[in-house]
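The block underneath contains the structure these notes are about, expressed in structure tokens.
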Amino acid sequence: MNLLVFGIALFLSVDRASSRAAWPQVGHDAEQTFSSPASRQPLLGVPTVDWRSPVSLSYYTVFGVNSVAYGISPDFSTLWAFSLANDAVLWKKTFGQETSLANLAYDERLDVLLVTSITSSNSTLFCLRAKDGGDLWSSELPYTAMSVMVTPQQTAVVTTNNIVSFTVKTSYVFALRYSTASAEQLWSINVTDAFNTNQFGLAASNGTVFGAFVVTANRSMIAVAFDEFTGQQRWTQRLTSYFIMGGYAYVSVRPDGRVLVSSAPCALLDAATGAAVATLRTATYYSGSITPDSRMLLSNLTNLNLYPSASTNKSVPLWSARFDNCQVNDAINDGQLAYVTVSVAANAVDPCPAAILAINLTNGDLLWNFTNGFVGGMMLDEAGALYAVDYSDNTIFRLGCCSGHGKCLLHSCECYDGFSGPDCADSGDHKKVPAWLIGLLVGCGVLAVIVAAAVACIVVRRRKSNYAVLN
């Protein structure tokens with residue numbers, strides 16, 4: 001009887017523990033191959049769409065505080081604001097069919113939106129109240145406005161292009177100091193004249209604007225640091241003999257202040273002097289992101305590498321993943337997981353469908369994949385939830401993992417009531433045992449022990465009595 005009770009108790013403990021079981025860990029060498037990642041067995045089940053935007057939006061969407069999202073419509077005529085918590089549309093602002101919204105940025109300190117727009121005759125930078133879309137000010141810009149970036153010091157860095165017959169003739173960078181009342185231009189640079197290029201990338205940190213400029217004439221790159229408020233060049237670093245993939249230029253500032261510049265190979269520069277700290281000879285930088293502890297997640301379309309923060313010229317990746325039949329389009333991270341979008345690569349032998357992959361940053365293990373049509377860019381909100389653009393219906397959706405039946409942790413799933421297993425996929429007969437049944441079984445076990453003890457005492461007393469009579 002006691003063994004039966006012990007067995008039941010052990011069964012209950014195992015079944016309850018499975019509701020938060022550890023993910024299976026897959027050992028592998030430093031490099032692994034994802035021949036067709038969407039067909040690989042995921043470690044955390046298949047994620048599900050647990051939210052979808054109530055309106056159609058383009059990739060140009062940003063997240064503000066209090067779970068509010070701001071997005072541009074697919075026809076680039078309307079700006080939407082809606083709550084991620086209850087799907088409510090907070091406001092919308094239509095700029096008209098003749099106006100095309102180009103880009104937007106959110107300033108958390110002032111709680112405002114900066115939006116660039118284009119018409120047939122000019123471009124305009126608008127400043128709007130984030131809470132209701134109300135106009136605060138506007139500033140006209142020359143030529144065709146492209147991107148806008150805001151800094152913590154309330155400087156807006158805007159790029160414009162002079163386009164003639166669908167060809168970029170001249171590119172400019174403008175810096176404007178702004179408040180909720182007005183804006184004034186601080187400085188501007190004719191990039192085409194200064195650096196002989198129309199292809200460049202920008203980033204900003206601690207009062208400095210960093211630029212990576214592709215010199216197409218000799219297929220090299222120039223990295224430049226500008227004073228955010230005066231436009232004066234603080235340093236210039238010419239990266240000679242650097243082949244740039246497709247003419248793209250990317251620049252990122254790591255949390256530790258070092259500057260990562262795209263090239264083949266990538267260059268890691270000191271932010272204060274521009275001196276080269278490291279050359280990552282096994283990496284190029286087509287897309288990627290920086291982790292909060294300054295590790296570098298770098299992709300060159302077919303490979304994804306994670307480099308340590310303390311990289312040198314001899315550094316090798318912490319792990320590397322090769323995508324033989326897929327093309328890596330984007331790679332972002334939250335410090336624990338890398339989220340990667342892939343699509344079919346050119347001349348693929350075993351074509352893979354477009355998918356979003358979640359990869360453990362610690363060891364490169366594939367945790368889950370999600371395939372649902374053509375997926376565009378990805379975004380993380382202030383709480384770390386993952387959103388992506390679904391180009392099949394121009395909506396933004398949020399993914400939930402653990403088979404949609406639990407909360408996703410780094411190394412485990414915390415399953416909701418009624419589900420269990422490593423990926424929370426088990427239900428029905430594997431539901432959590434009710435507390436009343438556990439108490440009943442434990443009570444029965446205790447009663448059985450008491451009864452067995454009483455019976456043993458009676459048997460012992462009778463044997464002693466019979467022994468006394470015989471004597």
Side-chain angles (χ1 to χ4, degrees), residues 53-84 89-119 122-161 172-183 185 201-204 209 330 332 376-382 387-391 394-398:
S53 63
V55 296
S56 296
L57 297 169
S58 68
Y59 173 62
Y60 299 104
T61 298
V62 296
F63 297 97
V65 296
N66 301 321
S67 298
V68 177
Y70 307 93
I72 297 175
S73 63
D75 64 359
F76 303 105
S77 66
T78 304
L79 181 64
W80 293 86
F82 57 88
S83 171
L84 298 170
V89 174
L90 303 178
W91 54 264
K92 75 171 183 176
K93 188 179 185 68
T94 300
F95 289 77
Q97 295 298 322
E98 295 183 358
T99 300
S100 179
L101 302 180
N103 209 325
L104 76 163
Y106 173 72
D107 184 336
E108 180 177 347
R109 295 189 181 187
L110 298 182
D111 195 28
V112 298
L113 292 167
L114 295 184
V115 185
T116 54
S117 70
I118 307 168
T119 66
N122 63 3
S123 295
T124 305
L125 176 65
F126 291 96
C127 182
L128 311 176
R129 285 192 302 268
K131 66 178 182 179
D132 57 12
D135 294 319
L136 294 176
W137 53 261
S138 63
S139 178
E140 288 195 5
L141 300 169
Y143 309 117
T144 302
M146 303 301 292
S147 65
V148 57
M149 173 180 65
V150 298
T151 74
Q153 291 77 24
Q154 274 76 58
T155 300
V157 181
V158 184
T159 62
T160 69
N161 287 334
Y172 296 85
V173 174
F174 295 89
L176 300 91
R177 188 68 182 272
Y178 66 91
S179 65
T180 56
S182 62
Q185 182 175 312
L202 299 172
V209 176
D330 197 9
I332 63 176
M378 300 175 292
M379 297 151 283
L380 294 169
D381 69 5
E382 59 181 352
Y387 295 79
V389 180
D390 186 346
Y391 284 137
N394 289 318
T395 59
I396 291 179
F397 61 89
R398 181 178 61 214

Notebook entry, point to check: For the side-chain contact (heavy atoms from CB on, under 4.5 Å) test, which of L114, V115, T160 pairs with L125?
Noted result: L114
Which atom of [X] lies closest to which atom of [Y], heavy atoms considered:
X	Y	answer
V112	Y106	O-CD1, 3.5 Å
G133	L128	O-CD2, 3.9 Å
V89	P54	CG2-CG, 4.3 Å
R177	Q154	CD-O, 3.3 Å
L176	A183	CD2-CB, 4.5 Å

Notebook entry, point to check: side chain to side chain contact (heavy atoms under 4.5 Å, CB included) between M379 and V62: does it pass, once the steps are laid out?
Noted result: CA-CA 8 Å; M379 297 151 283; V62 296; over 6 Å; no
Check: Counting N and O atoms only, with roles assigned by atom type, does the side chain of W137 sit under 3.5 Å from a partner on the main chain of S179, one being a donor and the other an acceptor?
Finding: yes
Notebook entry, point to check: Any sub-3.5 Å donor-acceptor pair from W91's side-chain atoms to L79's backbone N or O?
Noted result: no
Can you tell me how far [atom2] of [Y] sits from [atom1] of [X], rounded to the nearest 0.5 angstrom?
X	Y	atom1	atom2	value
D390	L57	CG	CG	12.0 Å
I72	W80	CD1	CH2	13.5 Å
L136	C127	CG	SG	4.5 Å
F95	L101	CZ	CG	5.0 Å
F63	Y70	CZ	OH	11.5 Å
T116	N103	OG1	CG	5.0 Å

Item checked: Pair T99-F76, side chain to side chain contact (heavy atoms under 4.5 Å, CB included): steps then yes or no -> CA-CA 8 Å; T99 300; F76 303 105; over 6 Å; no
Could you pull out all donor-acceptor pairs under 3.5 Å where a side-chain atom in residues 139-150 meets a protein atom, sequence neighbours excluded?
| unit_1 | atom_1 | unit_2 | atom_2 | d |
| --- | --- | --- | --- | --- |
| E140 | OE2 | N122 | ND2 | 3.4 |
| S147 | OG | T159 | OG1 | 2.8 |

Next item on the list: Name all pairs fulfilling the side-chain hydrogen bond (donor to acceptor under 3.5 Å, both in side chains) condition that reach into residues 124-134, sequence neighbours left out, sorted by first residue then second.
Entry: R129-D132
